[in-house]
Structures are given as C-alpha cells and as structure tokens.
Amino acid sequence: MKVDGYFLQDSVELGKSLKYVLRSKHAPQAEVVFPDSTFNFAPFELVRKDFYPTRTVKGVSTDSTIYTLRTFNLKPVQALQLTARLFYSGDTLLLQADRDSVVLIQNVTTVSDDLPLKSATPLMPVIEQFNYIYWGMGAVAAAILIGGVWVLFGKSINTRYKLYVLQKDQNQFQSRLQTTRDRFKRLKTLDHLERAIILWKNYLTKLEDTEINSFTTKEITTYYEEDERVSNALRVCDRAIYGNIISDDETEVADSLTQLAEFAAQRYVLIRDNLRNVASTR
C-alpha cells in the first residue's frame, strides 16, 4: 500500500495555477480517502480538485486525484506533503506521501529608489448619512410586491419546490445505490450490501414520510401490501446478511438490489404524480 504525491511542474509564478497529483495503489478490498477542501494546503490555496475512478489491474487498485493549487506566498521554495486515509479490515491507516516542492519565479528582483512613492496619504473625512425615508419606502414596496407574488403564485411555487426536492433526492439515491451495488459486485463484501439496504430504507423513509428504516422485513412487506418484488429482494438480502454468506453467484443478490432500486423509483413516480394532481385540483 503506497501513496505518491508530486507537482507536475518544478516552478510557479505568484498567483498562477499549478497541478499536484496524489496517487494511491492498494488492495481492492481497501478504501482510500484523499484530502478534501477542508485540508490545509498551506502555503498553497486549493482552486479545485479532480477525482478519477478507481482502476483495478492484476489485483492492484489505483486511486488518483489532481489538485489545482496556487500560491501568494513569497518564499523562494515552497513544499507540500499530503496524507491519505486508508480503511482496511476495520482499521484506519494514515499514508503520507513524500514531500515535494516548487520554486517561485521572481519576476521583480529589484525596486528602483527613484520611484516617487509616498509613505502616507491623508484622507478627507466624510460624514455618513442614511436616507431613512427612501429605505423605508423601498422596504414597504418590496414587502407589498413579495406579498402579492406569494398570494398569487405561492401554492404553485411551493409545489414546484417540493417536486424539485423529490427529483433531486431520487437522482442522488439512485446514483449512490448504483455505486454501492457496483462495489458489492466488485468486492463481494457484506458491508456494502448492508449499506445498500440502509440507503434504500432511509430514502423510502423520507419519501413516504414514514419510519420505514425502523421496520423489519416483514413489516416493510406488510406496509407495501405484500409486494412480491420487495418481499423476494429483501429475503435474498437478509439471507446473505444474517447468514453471513454470499451465494456462489452474487448476481442473485445484485439483482435484488436492482429490484429494490426499481421499486423505489416507482414509489417516487406515484408520490410525484399524486402531488401534481393535488396541486392541479386547488
């Protein structure tokens, strides 16, 4: 397990962007987390970061991220050393990359003594005034305008917002569940299967406004009126989780997760259409 970190150039100008690569090679069962925007990149500032999907070749997984940085520090030589977190078999390891540095390009090397610089500039005092009448009239007009818009279009705006939140939650859920499902198929660990089931229950809890994440499999099946897809899919997943076994053909479990995702999508469509119908009848 190794982490490499290095700049893509050996020099940089003040305020100009430069690239820094952080790459990790590790076992496929391990999970690596690279520094994010909360990390202190001093003496550099983070402009953005670009993540690349994990690649596994001959039993070795590679994760990589390119950070775009810039500096306003005047030190001639500036160095950076990043640390990644490795999660493996329930343990957390800190992997530190080698220290790498760049040279600051000095565009201004000398300052002439003949420049007409002044040590201080006197400021003229300005009396602050606040126009209470105009600001008060503006506040009243804005309140009347906002109130009128809300009376005329408030229900429509509220419905559109709820539909937007529903769609955003659905898209995020499907994306996260697909990622967890792919990791399960690749790593074949019960941990990712459990994460997928928890993710599914939590999403339906918010969608249905019912504490489904506290229900047992039997209670969930009853709540959805003995839906065959839900019953079969949860039974397959429960057998794998509580039996601490995965079928020789993990496709059965992966297909069950797909069925749960499709069922959640159908529930979303049903609730979305009901919300639209209620709004149209008002």
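Numbers here simply count residues along the sequence, with the first being 1. Just so it is clear, the model here is predicted, and its values are computed rather than measured.
- Thr189 places no side-chain N or O within 3.5 Å of a backbone atom of Leu187 that could act as its donor or acceptor partner.
- Atom-to-atom distance recorded for Leu163:CG and Asn158:CG is 9.5 Å, nearest 0.5 angstrom.
- For an aromatic pair to be called close, the ring centres must be under 6.0 Å apart, and Tyr224 with Phe263 satisfies this.
- Residue Arg160 places its CZ atom among 12 or fewer non-hydrogen atoms of other residues, nucleotides or ligands, all under 6.0 Å distant.
- Hydrophobic clustering (side-chain heavy atoms under 4.5 Å, transitive across Ile, Leu, Val, Met, Phe, Trp, Tyr) keeps Tyr6 apart from Phe34.
- Side-chain atoms of Thr221 and Thr216, non-hydrogen and from C-beta on, never get closer than 4.5 Å to each other.
- When the side chains of ILVMFWY residues are joined at heavy-atom separations under 4.5 Å, either directly or via intervening members, Val140 and Met137 end up in two distinct hydrophobic clusters.
- When all heavy atoms of Gln9 and Ser11 are compared, the pair lying nearest together is NE2-O, 2.8 Å.
- In this structure, Asp182 CG and Leu177 CG are separated by 9.5 Å, a value rounded to the nearest 0.5 Å.
- Residue Phe72 places its CZ atom among more than 12 non-hydrogen atoms of other residues, nucleotides or ligands, all under 6.0 Å distant.
- Using a 4.5 Å heavy-atom cutoff, the side chains of Asp50 and Arg48 are in contact.
- The hydrophobic clustering, which links ILVMFWY residues whose side-chain heavy atoms are closer than 4.5 Å, places Leu275 and Tyr268 together.
- Taking CG of Asn213 as the start and CH2 of Trp200 as the end, the distance is 11.0 Å to the nearest 0.5 Å.
- More than 12 heavy atoms of other residues, nucleotides or ligands shown are found within 6.0 angstrom of CG on Asp273.
- Taking the side chain as every heavy atom from C-beta outward, Asn232 and Ser256 never approach each other to under 4.5 Å.
- Put simply, Phe51 and Ile66 are part of two different groups of oily side chains (I, L, V, M, F, W, Y) that touch within less than 4.5 Å, one to the next.
- Between Asp10 and Val103 the shortest side-chain heavy-atom distance does not fall below 4.5 Å.
- In this structure, the side chains of Val230 and Ile220 come closer than 4.5 Å at one or more pairs of heavy atoms.
- Between the side chain of Thr180 and the backbone N or O of Arg176 there is at least one donor-acceptor pair closer than 3.5 Å.
- The hydrophobic clustering, which links ILVMFWY residues whose side-chain heavy atoms are closer than 4.5 Å, places Leu234 and Tyr223 together.
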- Criterion side-chain contact (heavy atoms from CB on, under 4.5 Å) on Phe41 and Leu82, from CA distance to verdict: CA-CA 8 Å; Phe41 292 86; Leu82 297 185; 4.0 Å; yes
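- Across Tyr20 and Ala97, no two heavy atoms sit closer than the pair OH-CB, 4.3 Å.
- For the atom pair Leu104 CG and Lys16 NZ, the distance stands at 11.5 Å (nearest 0.5 Å).
- Between Thr222 atom OG1 and Asp227 atom CG the span is 12.0 Å, to the nearest 0.5 Å.
- Judged by distance alone, the side chain of Thr71 and the main-chain N or O of Asn73 form a donor-acceptor pair under 3.5 Å.
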- Tell me, with the steps shown, if Asp63 and Glu31 meet side-chain contact (heavy atoms from CB on, under 4.5 Å). CA-CA 9 Å; Asp63 288 300; Glu31 186 171 349; over 6 Å; no
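- Checked options Thr92, Leu93, Val33; the residue passing with Leu86 is Leu93 (criterion: side-chain contact (heavy atoms from CB on, under 4.5 Å)).
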- Message: Would Gln78 and Val12 count as a side-chain contact (heavy atoms from CB on, under 4.5 Å) here? Give the steps.
- Response: CA-CA 10 Å; Gln78 302 181 28; Val12 65; 6.0 Å; no
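- Taking a 6.0 Å sphere around NZ of Lys206, one finds it holds 12 or fewer heavy atoms contributed by other residues, nucleotides or ligands.
- More than 12 heavy atoms of other residues, nucleotides or ligands shown are found within 6.0 angstrom of CG on Leu94.
- Residue Glu226 places its CD atom among more than 12 non-hydrogen atoms of other residues, nucleotides or ligands, all under 6.0 Å distant.
- Between Arg235 and Thr217, the closest side-chain pair of non-hydrogen atoms is not below 4.5 Å.
- Taking 4.5 Å as the limit, every side-chain heavy atom of Leu74 sits out of range of all side-chain heavy atoms of Gln106.
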- Message: Under the criterion side-chain contact (heavy atoms from CB on, under 4.5 Å), I'd like the reasoning laid out for Thr210 against Thr205: C-alpha separation, chi angles, the key distance, then a yes or no.
- Response: CA-CA 5 Å; Thr210 303; Thr205 295; over 6 Å; no
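- Closest non-hydrogen pair, Cys237 versus Ile197, comes out as SG-CD1, 3.8 Å.
- The shortest non-hydrogen separation linking Asp100 to Gly5 is CB-O, 4.1 Å.
- Note: Phe44 and Phe7 have tilted aromatic rings, judged against thresholds of 30 and 60 degrees for the angle between ring planes.
- Checked against the 6.0 Å centroid threshold, Phe39 and Tyr67 do not count as a close aromatic pair.
- In this structure, Pro35 and Lys49 approach most closely via the heavy-atom pair O-CD, 4.4 Å.
- Donor-acceptor pairing under 3.5 Å is recorded for the side chains of Gln170 and Tyr203.
- When all heavy atoms are compared, the tightest approach of Ala79 to Arg99 is CB-NE, 3.4 Å.
- In this structure the side chain of Leu69 reaches within 4.5 angstrom of the side chain of Leu80, judged on heavy atoms.
- Other residues, nucleotides and ligands contribute over 12 non-hydrogen atoms within 6.0 Å of the NZ atom of Lys201.
- A distance-only check finds a donor-acceptor pair linking the side chain of Arg181 to the backbone of Ala254 [under 3.5 Å].
- To the nearest 0.5 Å, the span separating CD on Gln29 from OG on Ser61 amounts to 8.0 Å.
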